[in-house]
Each structure stands twice: as C-alpha cells, then as structure tokens.
Protein chains: 2
Amino acid sequence: MTAAAPVPREDGRGGRIRQQQEGAILQAAEQVFARAGFQGATMAEIALRAGLPKSNLHYYFGTKAEVYRAVLGHILRLWLAETDSITPDADPREALGHYIAAKMRLSAERPDASRVFANELLHGAPEIGDYLRGELRALVADKAQVIEGWIAEGRMAPVDPVHLFISLWALTQTYADFETQVCAVLGRTALGPDDYRRATAHVQALVLRGCGL
Amino acid sequence: MTAAAPVPREDGRGGRIRQQQEGAILQAAEQVFARAGFQGATMAEIALRAGLPKSNLHYYFGTKAEVYRAVLGHILRLWLAETDSITPDADPREALGHYIAAKMRLSAERPDASRVFANELLHGAPEIGDYLRGELRALVADKAQVIEGWIAEGRMAPVDPVHLFISLWALTQTYADFETQVCAVLGRTALGPDDYRRATAHVQALVLRGCGL
DNA sequence: TAAAAAATTGACCATATGGTCAGGTTTTTC
DNA sequence: GAAAAACCTGACCATATGGTCAATTTTTTA
C-alpha cells in the first residue's frame, strides 16, 4: 500500500512506534526551526537530527508546514501556563515575582521553543494569529482585570495591565531570543545559571519597584 | 565588458545613478528581509519592489548576502545613536526618559529595520556578532559607568546597568518586533500614534519608578 | 502463524531560486 | 562628437529542496 493517511497525530493517539518517532521529530524540528526559521529549516536536516531518512519523516508529517504547526502547538502549551499565580486575593508582589521567575525559567530551559515562537511573531504570526487574537487575548483580558482590581484597592501603583504583560514578556524572553546580544554586552560566551539568577533578580526588582511594590 | 567590479558601495561614492538605485534597493530589501528573513527573502522580490530586473540588482550587489550586509549596516547606524543623553551630569530621570522615547520612536517609525535586526539576533547574529562584541559592548560598558556613577551618588536606585540596557531594548523593541502579538492583546489591527504614546508613557513610568526616579 | 496494518526506505521528480553572461544602451569624459 | 565608462537586460544554468512512490520489512492482530 502507498503511504497511509497520517490520521492520528493528536497526542496520545497512534501506536507505540509513532509516539516515539513523532517525539524525536518534534524535538529535532524545534532545534532546526529555532536556528534557521521556517524557510531556512530543511526537512533533510530535521530528519538527520531525528535519526531517520527524509522519506520516513514524510511518512509521519506530510509537509514541512505540518511539522512546524505541531512544534508551535507544543510551544503554545508552555506559553499559556504560569499565570495561575495571578488571582484577586494573591499578594501582588508575590504573584508577579512568581510569574517573572517562571517566564525566566522558560527562557533558560527552553530557549529554542522561545525562539521558534519569537520567529513566528516576527513574521506576522501567519500560523498562530488566530490563537493570539482568541485564547491569548482572552487570558490577558482576564488577568488584566485582576490587576485592575489590585490597583483599585491601592495595593499597587496604577499601571496599564495589558502593557504590563507586554513588558513582562519582553523582559523575560529577550534573554532567550536575543541571547547573542545579551552575551555580547555581558562579555559572556553563553548564559549560565548564575547569569539567569542575576537576570531574574534584576527584572523582578525593576518591575516590582516599577509597580510600586 | 562583463559585469564590472562593484567596487565602491561605501556611501557617498559611486555615480549619480548608482546612488539612487542602491538607495531604492536597500529600501526594498529592508522590507523584504523584515517580512521573510534572510532565507525567505528572494532576490526576485527585492528587485520587483525596487522596480528593476533581477539581473540589474545583481549588477549593484553581487550576492544576496551583500545586500543583507548593506541593509544591516544601515540599521546599525540607527541603533548606535541616541545614548548621547546619558552623561554623568545629566538628570537621570530626564536622560533615561529621553532614551526610552527615542527608542520607542525608532520602533514606531522604522519597524522593518528593527525586525531585520531582531531576526539577525534571533539566528545568532552570524553577520554582526563582531560588531556586538566590539563597538556595542564598548558603548554599553561606557554608559554603564555613567549609570554606576549616578547610583554611587545616590541619584537613583541600585540597578545593574548592563541588565538595565538589555531591559530598555527589550521593552521598546517589542512593540516593533512583536507588533502582531501586541496588536492581538490590545485588540487593535495596527498600532497608531496613540498606541505608541500610551506605550511610551507606560514604559517610561515603569522604568523610571523601577529605578527609583 | 497467517493475514493485515504500520513503518521504512532509496530512487526519483518538479520547482524555485541564486547567480552568470554576452550583448546592448545610456551617460560621462575629454 | 567619439571613446570610454557605467549601466541595463533577457536568456540561461546549476543546485537545493520539498515532496512522491513503489517496493520491502517489521509489528500487530486474531
């Protein structure tokens, strides 16, 4: 039979072998897309890194766009999380501090994921635009209300909550996305745990003080 | 004679026609590179946007990499400027406020330039790494000393000056580089002058308060 | 253990794209 | 106003790369 329909794909589905191969492919693809962008990435290199021939890669993912979408899907799940600490009766100082630490950890531990995401945004988010205008916007609107509440109660300085989120993302992701530049001005060749500790402390101090906390 | 050596290229050199054509090419290239990245950009599209046949484009710039380097060169000049306001005897509040406003203006007026730069960084700065580790690092080290001075004199809160610069770049460029995401959460289809006014005020307030100013 | 399903693979193809080139035209120079 | 330099261009080529396919092997199922 010629190549069967690559039906399942949705996590948890598919045979044991499919599970493992798709995992390896996605991991390899994240690296390649992070380093080269969508156009620059080649199926050949993804296959090579995943340790299988190109035609086998095409057995699991029909097109490059499909691989890309799958990688983005994974990444979005990481992105969405971590706002749990921001609730009406949480301590603003602690909640924001936690959020910053969590985002910073993501930059440190999954820089490639962050870069693929950044690249997608940089090019106008052709693939995830709907998600941004839907789920993400709703989430931000929700959390913005919480912050407005804190401000109304006089628990922190008046800050535009949506712009605050934009700032938090920018401040934390810059360490992954633009690591080269950060390393250059810090005089490092790579960012180590110590650099990340310092960076986290800096961002927390700047933002918390900036919010009057 | 076959294609003559494209000798000059350094601004100000070359005949009248060359001046104008190279200008048109660079402008077109900035747009194309911003939208598609280096690999995604095609010489055909750059030529189309610049209003000349592809072979003529190759008369001025031998290779795509050459066009890219020229575009980056232009952009770096924009990037370097604007730190003038940061001097030992300036008012910290005013100096940083000015710098933020200037960087914000750059994001608003030259978003494509910012994006090309961001894309280059995102992919490890293969072309401008030396510049970052040389000129930029030196500049930042210099300005960091100024800020250290302000701190020592008790004129602002103690903040790691190098990380502060990283933060300032992140906070301001995010509005150009990730405009799609910003628009999504703000519920806009594009950022207008009003949005930029608000964003500038927000970043200034956050940072100045964050620096105890 | 046999049939069916899933997985694997090398050979192959179509297309897109960066770049070349020879010959022509315009502009500048003296 | 003629020689030289600069500029322009359509046709062409080599290569890289996404994707296909038919044949084969491995795994699962009953």
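Letters go in sequence order (proteins before strands), and every chain restarts at 1.
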Among C/dT27, D/dT9, D/dG19, the one nearest B/Ile17 by side-chain distance: C/dT27
Donor/acceptor link under 3.5 angstrom from A/Lys54 side chain onto base of D/dG18: yes
C/dA7 OP1/OP2 closer than 4.0 Å to side-chain N/O of A/Tyr59: yes
NZ/NE/NH1/NH2 to OD/OE distance under 4.0 Å, A/Arg115 and A/Glu30: no
Spacing of B/Gln20 atom CD relative to D/dA6 atom C1', expressed in whole Å: 15 Å
Nearest-nucleotide pick for A/Gln21, side chain only, options being D/dG19, C/dT8, D/dT20: C/dT8
Plane angle bin for A/Phe33 and A/Phe38 - parallel if under 30°, tilted between 30 and 60°, otherwise perpendicular: parallel
Side-chain donor/acceptor of A/Lys103 to backbone N/O of A/Gln173, under 3.5 Å: no
Side-chain donor/acceptor contact of A/Ser55 with base of C/dG10 under 3.5 Å: yes
Side-chain N,O (A/Arg16) to OP1/OP2 (C/dA7) below 4.0 Å: no
Aromatic plane relationship, A/His163 with B/His202 - under 30° parallel, 30 to 60° tilted, over 60° perpendicular: tilted
Atom-pair distance (CG on A/Leu52; C1' on C/dA6), nearest Å: 15 Å
Side chain of A/Thr42 (C-beta onward), nearest among D/dC8, D/dG18, C/dA6: D/dG18
Phosphate-side-chain proximity, A/Asn56 and C/dA7, N/O vs OP1/OP2 below 4.0 Å: no
Whole-Å gap separating P (C/dG10) and NE2 (A/His58): 15 Å
Sugar-phosphate, base or nothing in reach of B/Ala41, heavy atoms under 4.0 Å: sugar-phosphate
Distance test, side-chain N/O of A/Tyr60 to OP1/OP2 of C/dT8, below 4.0 Å: yes
Any B/Arg18 side-chain N or O less than 4.0 Å from OP1/OP2 of D/dC7: yes
Separation of C/dG18 C1' from A/Gln39 CD (nearest whole Å): 15 Å
Residues A/Arg198, B/Asp160: salt bridge by 4.0 Å N-O rule: no
